[in-house]
Amino acid sequence: MLELHDGALNVPEILTRWYASESASNYGAYIPFVGTVRDEDGIEGLSFDVYEPILTSWFDAWSAKVAPLGATLKMAHSRGDVLVHESSYIAAVFSPKRRVALETIEQFVEDFKASAPIWKYDLRAGERLYARERSTAIAGAGLLGSEQ
Amino acid sequence: MVTIEFLGPIGRPILTMEASTLRDVAEALKQDAEMAQWIDSCAVAVNDTLVASLDTLLSDGDKISLLPPVCGG
């Protein structure tokens, strides 16, 4: 399940809803990761652009990858502005036993940071500034500038 | 005609052009001074699938997307 929300995530509502949705699924482990905007470098918050078609196919590929392990993925992300101390990202893994969930959450979140088509901006003094220095080029980037 | 969309912070309107391969698109964008800061860091998708070859064939109506460096979460 992939959810996109305008603005900050309602973390308690989402975590509780996901927990309830799998309560009869016989999973032994539920491991959520919650990303919250920190107060640093004078920012007022962060803002996000999301390209939904490729995000959806990326998420679906991950869901198919972990299905043979008996695991289920859920993810929620914000679009638009999220202020300091609010949350913009939740990823969660359900699995029969803890080891699969622990390993999957790490791999999933790391690949999310490197591959998911989402762009982050700092909100500072009324401006929306692309966080280029904290961004990662997607694998295979630079094709159009190459001489292949 | 194919369309080219510039995602996220690139902030340019959609472009349309004649192109038979991705190489044609690359040659056109290399001539565009505004794209110089982006071209080496963007991934490319054709009809929402990431591609890895300039020889990728294009058809009338295809959508090419340029994806600059990402940072979700």
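In the text below, chain A, chain B and the rest are named by the order of the sequence lines, each starting its count at 1.
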Are [X] and [Y] ion-paired here, with the side-chain N under 4.0 Å from a carboxylate O?
X     : Y      : answer
B/R23 : B/E27  : no
A/D60 : A/K65  : no
A/R98 : A/E103 : no
A/E52 : A/R79  : yes

Q: Identify which of A/S115, A/A91, A/S146 forms the greatest number of heavy-atom pairs closer than 4.5 Å to chain B.
A: A/S146
Is it the side chain or the backbone of [X] that comes within 4.5 Å of chain B heavy atoms, both, or neither?
X      : answer
A/A131 : neither
A/T56  : neither
A/F33  : neither
A/T136 : both

For each of [options], tally heavy-atom pairs with chain A at distances under 4.5 Å, and name the one with the top tally.
options                    : answer
B/L66, B/D55, B/D40, B/V51 : B/D40
B/A52, B/G72, B/P69        : B/P69
B/L54, B/I39, B/L67        : B/L54

Side chain / backbone / both / neither for [X] at chain A, heavy atoms under 4.5 Å:
X     : value
B/S53 : both
B/L29 : side chain
B/A45 : side chain

Q.
Does A/E106 have more than 12 heavy atoms from other residues, nucleotides or ligands lying within 6.0 Å of its CD?
A. no
Q) Minimum heavy-atom separation for A/A141 to B/S41, with atom names? A) CB-O, 3.4 Å
Q. Taking the six-membered ring of B/W38 as reference, does the NZ or CZ atom of A/R132 fall below 6.0 Å from its centre and within a 45° cone about the axis?
A. yes
Q | pair B/E5-B/K63: side-chain heavy atoms closer than 4.5 Å | A | yes
